[in-house]
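Convention: sequence-line order gives letters A, B, ...; per-chain numbering from 1.
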Amino acid sequence: MASEEDVLRTEIRWSYVVAGATALILGAILFAGLARGINPPSNLERIDPKTLHLTGEFAEGNLGTRVAPNGDVTVRIVTTQFAFVPQCVVVPTGRRVTLRFASPDVIHGVLVAGTNVNTMVIPGYVAQVHSTFTKTGDLLTPCHEYCGLGHSQMWAVVRAVPPDRFAADAEGRANCDRL
Amino acid sequence: MIASRRLVLAHLWTAFIAFAAACVLGAWQMWVRSPLRPPLATPENYFLSVTAHGSAMAYVLTTFFIMGFGYYVAETALGRPLPRPRIAWAAFWIAMLGTLLALGTVLSGRATVLYTFYPPMTGSAVYYVGLVLVVVGSWVWVGLMVEAMRRWKKAEPGRPVPLAMFATVANAIMWAWTTVGVAAELLFQVIPAALGLVQSVDVGLSRTLFSWTLHAIVYFWLFPAYIAFYTMAPAAAGGRLYSDTMGRLTFVLFLLYSLPVGMHHLFMDPEHSTGFKFLQMVLTAFVAVPTLLTVFTITASMEIAGRLAGGRGLFGWIGALPWHRPMVLATGLSFVMLFFGGGGGLVNMAYGMNAMVHNTSWVTAHFHLIFGGTVVIMYFAIAYAIWPSLTGREAGSFTRQRLQLWLWFIGMMVTTLPWHWLGLLGQWRRVALFDYTNPTIAPWAPWVIVSFVGGLILLVSALLFVANLAGRHVPALRALPPRYAQSHHEASHVPTALNGFGFWNAAVAVLMLAAYGWPIAQFFVEPSPGAIVHRVDR
Ligand SMILES: [Cu+2]
Ligand SMILES: [Cu+2]
């Protein structure tokens with residue numbers, strides 16, 4: 001039978017293993033976060049849910065995909081009970097795209113199946129994520145947070161097209177109808 | 001038989017009846033999500049059912065079981081009668097009233113907000129008030145646990161508090177801290193909105209307050225399982241606890257590191273900066289420490305038992321363990337589920353990888369495996385172990401008990417392994433009806449059907465469990481409480497810090513201030529535009 005000192009020695013040895021395992025896990029996460037720039041959406045940008053549809057970037061005319069003169073692609077979507085506005089957005093593959101979401105009513109969430117796009121949409125805040133799409137096609141984009149009885153019917157489509165098929169009009173707009 | 005058996009039985013029966021009903025709902029929900037579409041499959045019924053399932057499992061099963069088991073441990077581990085039994089009964093009836101109000105409101109369809117509330121969606125105030133009453137009942141329990149320990153220490157100065165009671169009080173104190181977040185959310189934000197006193201809610205704040213509770217509440221549920229690992233399983237296996245000190249350290253670490261980590265549930269939320277998410281992610285990693293210490297200590301304790309029973313060689317002791325005993329079997333199965341569930345949890349906590357799985361079926365799979373699997377299977381084992389000392393009869397034969405445990409384990413694996421896979425494929429949570437004609441969704445169908453079959457196995461197991469408890473035909477050979485495991489080296493003296501909680505309370509306060517001080521203060525320094533209250537009860 002092991003003596004009290006033996007027990008202590010074994011436990012100390014095991015605690016090295018525990019410390020090593022914890023350090024390894026943290027190290028992997030740190031590496032991914034810092035070296036690869038993987039960070040969750042945390043832009044802390046406030047917006048009034050009561051007025052967001054009236055003026056500014058989330059007014060209806062400004063929604064959807066916009067290409068800025070410098071070439072930056074930004075997608076703006078309003079998530080509302082129980083629809084995405086617009087219901088379809090088009091993005092080019094192989095290029096960094098910024099997606100911005102806001103909610104005028106309750107909490108929603110968005111994920112784009114098969115990509116790293118995933119965020120909560122909290123009324124009172126703008127949710128922003130960046131992604132570079134690699135797959136082409138119509139990507140399923142459901143609301144993933146319970147927002148009421150119509151929640152299951154709330155989904156959109158992100159249409160990812162190769163860069164040569166991606167075209168914006170003179171004002172920088174690109175939408176699904178034009179394809 | 002023990003003196004407070006009626007009190008304990010009242011709590012356990014409430015817990016298990018709610019549990020069995022919630023299992024029926026759970027199996028039906030899986031049926032709805034599958035392509036097989038059962039009768040009554042409407043979104044109204046589905047989300048009502050999800051709200052009832054979540055509330056019954058997360059608030060009723062757990063709180064009543066933990067209170068009842070706490071009273072049992074206080075009497076049996078300390079070897080003296082429970083202080084103030086009348087107040088304990090009053091607390092039971094308060095919590096019971098709260099349960100009836102909350103579940104009645106859910107079933108009437110006026111609180112379909114899911115058990116995590118989601119303001120600014122707002123149901124009937126009666127639902128939230130009911131839940132507050134459940135918590136109030138549990139606060140009384142916290143006071144009684146602390147008092148029982150204090151009285152014992154006074155009567156036995158200088159002696160170490162028995163490990164089972166030390167852990168129970170650690171859980172009680174942790175629970176007092178845990179409930180502060182959700183109580184503040186309900187009392188200052190949700191209930192005023194439900195009563196029509198305010199028209200808008202700061203959702204960033206309400207989510208932050210709820211996150212305060214959200215991780216630690218799971219450890220509140222987990223504690224009884226760990227108490228069984230440390231104090232019941234080694235004895236049932238015929239061995240000794242490898243180290244009493246390690247047990248105390250584990251429970252203290254749970255108290256410390258369950259609380260300042262809840263923001264890992266908000267990684268994908270826009271109302272917090274990366275800095276605090278990162279800090280709480282690092283603290284979350286430390287929660288792995290007490291779990292890994294436990295895996296070691298319990299495995300070592302089991303090895304002692306296996307070798308005493310004649311097991312030889314590196315692994316021979318495993319086969320020599322008395323697996324026919326339900327407590328030993330449950331511990332083994334629980335560890336297997338902990339292995340899978342813990343692995344999944346590492347993905348959730350990884351800050352970057354979380355984006356891949358957030359709000360997908362992966363998360364549902366994770367917490368069903370950890371809570372429903374690892375933890376609830378130990379609730380079964382505890383109930384089987386203490387039933388003779390509560391009722392004077394066995395809860396069914398060992399064979400029936402083992403069958404029930406195996407069915408639960410198999411059902412949990414068959415349900416949750418496909419969910420993990422579906423989550424990786426992008427299946428999102430909380431959906432009543434999937435459109436299986438969609439080409440992305442169509443390939444999910446077979447896996448959803450497999451997990452529905454798992455749900456049915458779980459339901460059979462749950463009903464068998466209740467039947468075992470209610471069965472009257474097997475008289476117990478023993479009416480004494482099971483003895484708690486002896487330590488390998490008897491703890492004659494333990495450091496004061498590991499015999500009380502004064503120091504640890506101060507440490508929790510410091511950690512919580514560091515982790516949650518600014519994240520909560522920011523909503524007052526720079527208030528966000530409120531979200532308009534959306535009623536679901538009219
Ligand atoms: Cu939604
Ligand atoms: Cu958590």
Trainee: Evaluate B/Asn359 against A/Leu111 for side-chain contact (heavy atoms from CB on, under 4.5 Å), listing each step before the verdict.
Mentor: CA-CA 9 Å; B/Asn359 261 356; A/Leu111 67 80; 5.6 Å; no

Trainee: Counting only non-hydrogen atoms closer than 4.5 Å, does A/Gln81 touch chain B with its backbone (N, CA, C, O), its side chain (CB onward), both, or neither?
Mentor: side chain

Trainee: Going by side chain to side chain contact (heavy atoms under 4.5 Å, CB included), B/Asp269 matches just one of A/Ile122, A/Thr119, A/Leu44. Which one?
Mentor: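 That would be A/Ile122.
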
Trainee: What part of B/Gln522 gets within 4.5 angstrom of chain A, counting heavy atoms only: side chain, backbone, both, or neither?
Mentor: both

Trainee: Which answer fits A/Ile25, side chain, backbone, both or neither, if we ask what part of it has an atom under 4.5 Å from a heavy atom of chain B?
Mentor: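 Side chain only.
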
Trainee: Tell me, do B/Glu271 and A/Met120 make a side-chain contact under 4.5 Å, heavy atoms counted?
Mentor: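 Not touching, per the 4.5 Å side-chain cut-off.
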
Trainee: Is there a side-chain contact between A/Ile29 and B/Met349 (heavy atoms, below 4.5 Å)?
Mentor: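 The answer is yes; the side chains approach within 4.5 Å.
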
Trainee: Could you have a look at A/Asp48, A/Leu139, A/Thr51 and say which one has the most heavy-atom pairs with chain B under 4.5 angstrom?
Mentor: A/Asp48

Trainee: For the interface with chain B, which of A/Pro49, A/Ala127, A/Pro142 has the highest count of heavy-atom pairs at distances below 4.5 Å?
Mentor: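 That would be A/Pro142.
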
Trainee: Between A/Val106, A/Thr115, A/Val117, who has the most heavy-atom pairs with chain B when the cutoff is under 4.5 Å?
Mentor: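 Most heavy-atom pairs within the cutoff with chain B belong to A/Val106.
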
Trainee: State, to 0.1 Å, how close B/Tyr118 and A/Ile107 come at their nearest heavy-atom pair, and which atoms those are.
Mentor: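 What the structure gives for the nearest pair is CD2-CD1, 4.2 Å.
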
Trainee: Could you tell me which non-hydrogen atom of A/Tyr125 sits nearest to which non-hydrogen atom of B/Pro270, and how far apart they are?
Mentor: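 Where A/Tyr125 meets B/Pro270 most closely, the heavy atoms are CB-CG, 3.8 Å.
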
Trainee: Could you tell me whether the side chains of A/Glu11 and B/Tyr242 share a donor-acceptor contact shorter than 3.5 Å?
Mentor: no

Trainee: Answer with side chain, backbone, both or neither: which region of A/Val126 has an atom nearer than 4.5 Å to a non-hydrogen atom of chain B?
Mentor: backbone

Trainee: Considering only heavy atoms, which portion of A/Ser103 lies under 4.5 Å from any heavy atom of chain B: side chain, backbone, both, or neither?
Mentor: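 Interface part for A/Ser103: neither.
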
Trainee: Whether the side chain of A/His151 engages the backbone of B/Arg430 through a donor-acceptor N/O pair (distance < 3.5 Å, no angle test) should be reported.
Mentor: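 Yes; judged by distance alone, with no hydrogens or angles, the pair exists.
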
Trainee: Measure across B/Leu292 and A/Ala21 and return the closest heavy-atom pair with its distance rounded to 0.1 Å.
Mentor: CD1-CB, 4.4 Å

Trainee: Check step by step if side-chain contact (heavy atoms from CB on, under 4.5 Å) holds for B/Thr360 and A/His144.
Mentor: CA-CA 7 Å; B/Thr360 68; A/His144 66 47; over 6 Å; no

Trainee: Assess whether atom CD of A/Glu60 is packed by more than 12 heavy atoms of other residues, nucleotides or ligands within 6.0 Å.
Mentor: no

Trainee: Return the minimal non-hydrogen interatomic distance between A/Arg46 and B/Pro529, and the atom names on each side.
Mentor: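 That closest heavy-atom pairing would be CB-CD, 4.0 Å.
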
Trainee: Chain B: which of A/Glu45, A/Glu145, A/Met154, A/Gln128 shares the most heavy-atom pairs with it under 4.5 Å?
Mentor: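 Of A/Glu45, A/Glu145, A/Met154, A/Gln128, A/Glu145 has the most heavy-atom pairs under 4.5 Å with chain B.
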
Trainee: Would you mind telling me which of A/Asn116, A/Leu30, A/Val112, A/Leu26 has the largest number of heavy-atom pairs within less than 4.5 Å of chain B?
Mentor: A/Leu26

Trainee: Quick one: what part of B/Leu424 sits under 4.5 Å from any heavy atom of chain A, side chain, backbone, both or neither?
Mentor: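 Answer is neither: B/Leu424 stays 4.5 Å or more from chain A.
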
Trainee: Could you report the tightest heavy-atom contact between A/Asp105 and B/Ala531, atom names first, then the distance?
Mentor: O-CB, 4.1 Å

Trainee: Quick one: does B/Trp428's side chain have a donor or acceptor within less than 3.5 Å of a partner on A/Ala113's backbone?
Mentor: no

Trainee: Kindly assign one of parallel, tilted or perpendicular to the pair B/Phe47 and A/Tyr146, based on the angle between their ring planes and the thresholds 30° and 60°.
Mentor: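 Answer is tilted, since the angle falls between 30° and 60°.
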
